[in-house]
*Asks:* 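Just dropping this structure here.
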Amino acid sequence: MKLIRLYPKKVEDYIDDLRREKRIAQQEVYQLLSGKMLSVCRQYIADLHFAEDVMVTAFMKVFTRMDQYENQGSFEGWIRRIMVNESISFLRAQKKLTYFDEDRNYPLEEGSEEDCDLSVEAIQLLIDQLPEGCKMIFNLYVMEGYKHQEIAKMLQIKEGTSKSQLAQARKILQQQLRNLKNQGIWNGVK
């Protein structure tokens, strides 16, 4: 007789087994989260193959540093932070992070908050076209919810640089959307 699991396990259910370095637990957690975590890495790294490499490296760090997880906050959030940090480290090693002059002022146009009909993939492609520094700060601020002070500390830049990079990223994205609208590719709303 084969038993069927009525309630699927959650990631948190594997913490003790991960601390004991049980391979089956590592495999299960990888299977549960690899799709989400690849998306996190992909937000920062445009090339899917490099993003996959970074994700695998980050999972290795998760599995070998379980003693550093202090059962505070979400376990998945802790893993996500490792993915973000590993992506940043990868981009630093590639020397792809450059920042615009922090003193430049980038006015934003007021836009509506109507839903757009662009797919997630199309939006990601627009974000991928941002300069690496702008893209990094845009993702940290908008997608991950970090504050400028936290971003500045994480990336070892000035807080003003973080703010100006975000403003520049928004300006570029607005221009890209305006171009799509002018070309008739996108109508602006659902």
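Keep in mind that what you see is a predicted model, and the values were worked out from it rather than measured.
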*Asks:* Identify whether Leu48 and Leu125 are in the same connected component of the hydrophobic contact network (ILVMFWY, side-chain heavy atoms under 4.5 Å).
*Replies:*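 Cluster IDs for Leu48 and Leu125 differ.
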*Asks:* Among pairs that include at least one residue of residues 122-144, which meet ring pair (Phe, Tyr, Trp, His ring centres under 6.0 Å), considering only residues two or more places apart or in two chains?
*Replies:*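 Listed by first then second residue: Tyr141-His148.
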*Asks:* Going by salt bridge (charged side-chain N to carboxylate O under 4.0 Å, His left out), name the residues that satisfy it together with Lys61, two or more places apart in sequence or in a different chain.
*Replies:*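 For Lys61 the salt bridge (charged side-chain N to carboxylate O under 4.0 Å, His left out) partners, ignoring immediate neighbours, are Glu86.
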*Asks:* Output all residues satisfying side chain to side chain contact (heavy atoms under 4.5 Å, CB included) with Asp67, sequence neighbours left out; order by chain, then residue number.
*Replies:*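 Once residues adjacent in sequence are excluded, the partners of Asp67 under the side chain to side chain contact (heavy atoms under 4.5 Å, CB included) criterion are Arg65.
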*Asks:* For Cys134 versus Gln168, what's the shortest heavy-atom pair and its separation?
*Replies:*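 Closest approach of Cys134 to Gln168: SG-CG, 3.6 Å.
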*Asks:* Residues in ring pair (Phe, Tyr, Trp, His ring centres under 6.0 Å) with Phe63, at least two apart?
*Replies:*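 Scan of Phe63 (ring pair (Phe, Tyr, Trp, His ring centres under 6.0 Å), adjacent residues dropped) gives Phe59.
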*Asks:* Same hydrophobic cluster for Met60 and Val54, using side-chain heavy-atom links shorter than 4.5 Å among ILVMFWY?
*Replies:*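 They do not share one cluster, since no chain of ILVMFWY contacts under 4.5 Å joins Met60 to Val54.
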*Asks:* Which side chain to side chain donor-acceptor pair (under 3.5 Å) pairs, counting each pair once, include a residue from residues 35-45, with sequence neighbours left out?
*Replies:*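 Residue pairs with at least one partner in residues 35-45: Lys36-Glu76, Arg42-Asp128.
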*Asks:* Just jot down the salt bridge (charged side-chain N to carboxylate O under 4.0 Å, His left out) partners of Arg20, sequence neighbours excluded, or say none.
*Replies:*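 In terms of salt bridge (charged side-chain N to carboxylate O under 4.0 Å, His left out), with neighbours along the sequence ignored, Arg20 is linked to Asp17.
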*Asks:* Between CE of Met83 and CG of Leu33, what distance do you get to the nearest 0.5 Å?
*Replies:*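 Reported value, rounded in 0.5 Å steps: 8.0 Å.
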*Asks:* Which heavy-atom pair separates Ile157 from Ser162 by the least distance, and what is that distance?
*Replies:*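 Minimum heavy-atom separation between Ile157 and Ser162: CD1-N, 4.0 Å.
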*Asks:* Using modelled atom types and a 3.5 Å cut-off, is there a donor and acceptor pairing between side-chain atoms of Asn85 and backbone atoms of Ile82?
*Replies:*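 Judged by distance alone, no pair lies under 3.5 Å.
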